[in-house]
Number of protein chains: 2
Amino acid sequence: MELDRYDRQLLALLQQEGRISNQELAERIGLSPSPCLRRVRALEEAGLITGYHAELDAKKLGLTLLALIHISMDRHTPERFANFEARVSALPEVLECLLITGQDADYQLKVIVRDMDAYQALLLEQITRIEGVSGVHSSFVMRRVVDKSALPIP
Amino acid sequence: MELDRYDRQLLALLQQEGRISNQELAERIGLSPSPCLRRVRALEEAGLITGYHAELDAKKLGLTLLALIHISMDRHTPERFANFEARVSALPEVLECLLITGQDADYQLKVIVRDMDAYQALLLEQITRIEGVSGVHSSFVMRRVVDKSALPIP
DNA sequence: ATTTTTATCGCAATATTATTGCCATAATTC
DNA sequence: GAATTATGGCAATAATATTGCGATAAAAAT
């Protein structure tokens, strides 16, 4: 799909303000509401826009501890990996699980919990109990300098 | 602020479907539209909802390479850190910059670029040129097993 | 326990917004 | 340069958001 100036503007704006009205959206990009809405629908249909999400304040929800966990697996079999991924996907505290390159770890998890007690419980009772997990190393996030969901539009 | 059953439902739903209409939202949580809207506004006012964002498909935008960069600083002075953070915040490819604990790095960056050429350019021409950056270690993301923006509602 | 107070709901009226069909015009192709 | 296709704008209709207000339920106080 070919993106023109309008499409790029729409994507950029909707990344910033996902609940903006179509009328204001139209004004901002310099189109009338009807073609504007048609373009947004087209971007959704094409799968360029995959969804819309509210962003919440973690602290106000009592979630004060954000951590990165690097995980190594003992044996690199597809079953081990599939099982690990299924187990990890079911944990609501796991915001991100990335299969990464590098000698130090196979996966990096990003998890959010209330406090250190909850972290300990998650790590000891859930994550280290998953079959195949051999090495675990935690880093804690002291500050989120940048936290964007918005992709750069090429 | 005290959250009841309705508020929690609203937060959960809006995290999943940020552009759902107020009417459908009201139906789903079992309230009529007016108190539903008033609650959403209250959650926004209280800062529990900080914004709404469209989620885009990175691949369809031509952004195929996601990487984690661990960065160590030579001297841990406030000026060095402030300067680094300002420079990094200005780069659109940087989706996340976390100040983390651990001996291996001071920061972890998450960056997204078109390809390895773009990655090389970003690393060599931008990031390693920032004053104070002494150690850099890259990991590449092979697969995003979990990638949620939705926080667990306590 | 009963009264007072406060919070919050649902209804109804109004304002705003989304959606669709249609024609005109601009861009593209032949 | 003519034919074709794509895309914009207008206007009518449908749907949704928004607000005031009275009723009801929950909470606090006596």
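Excluded from the calculations below are hydrogen atoms, water molecules and symmetry mates; all remaining heavy atoms, backbone and side chain alike, are included. So that the names make sense, note that chain A is the first sequence line, chain B the second, and so on, each numbered from 1. It should be emphasised that the depicted structure is a prediction, and the values quoted were computed from it without experimental measurement.
- A straight line from CG of B/Asp4 to P of D/dA27 spans 11 Å, rounded to a whole angstrom.
- Along DNA chain D, the nucleotide nearest to A/Cys36 and the one nearest to A/Arg19 differ in position, and the one closer to the 5' end is contacted by A/Cys36.
- For the pair A/Glu44 CD and C/dA18 P, the interatomic distance rounds to 12 Å; values are reported in whole Å.
- The nearest whole Å value for the distance from the CG atom in A/Leu37 to the P atom in D/dA14 is 17 Å.
- A salt bridge links A/Lys110 to B/Glu96: at least one charged side-chain nitrogen sits closer than 4.0 Å to a carboxylate oxygen.
- The 12-atom threshold is exceeded at CZ of B/Arg19, counting heavy atoms of other residues, nucleotides or ligands nearer than 6.0 Å.
- Side-chain N/O atoms of A/Arg38 include none lying less than 4.0 angstrom from OP1 or OP2 on C/dT20.
- In this entry the distance linking CG of B/Asp7 with P of C/dA7 reads 15 Å, nearest Å.
- Taking only side-chain atoms of A/Ser21, from C-beta outward, the nucleotide of D/dA17, D/dT7, C/dA18 with the closest atom is C/dA18.
- Hydrophobic clustering (ILVMFWY, side-chain heavy atoms < 4.5 Å, transitive): A/Val141 and B/Tyr107 are in distinct clusters.
- Within a heavy-atom distance below 4.0 Å of DNA chain D, the residues of residues 22-35 of chain B found are B/Asn22, B/Gln23, B/Ser34.
- In this structure, CZ of A/Arg5 is placed 11 Å from P of D/dG8, rounded to the nearest angstrom.
- Between B/Arg41 and D/dT18 there is a side-chain polar atom (N or O) within less than 4.0 angstrom of OP1 or OP2.
- Using a 4.0 Å cut-off between charged side-chain N and carboxylate O, A/Arg80 and A/Glu85 make no salt bridge.
- When all heavy atoms are compared, the tightest approach of A/Glu131 to A/Met73 is O-CE, 3.9 Å.
- Cluster annotation: A/Phe140 and B/Ile71 are assigned to distinct hydrophobic clusters (Ile/Leu/Val/Met/Phe/Trp/Tyr, side-chain heavy-atom contacts under 4.5 Å, transitive).
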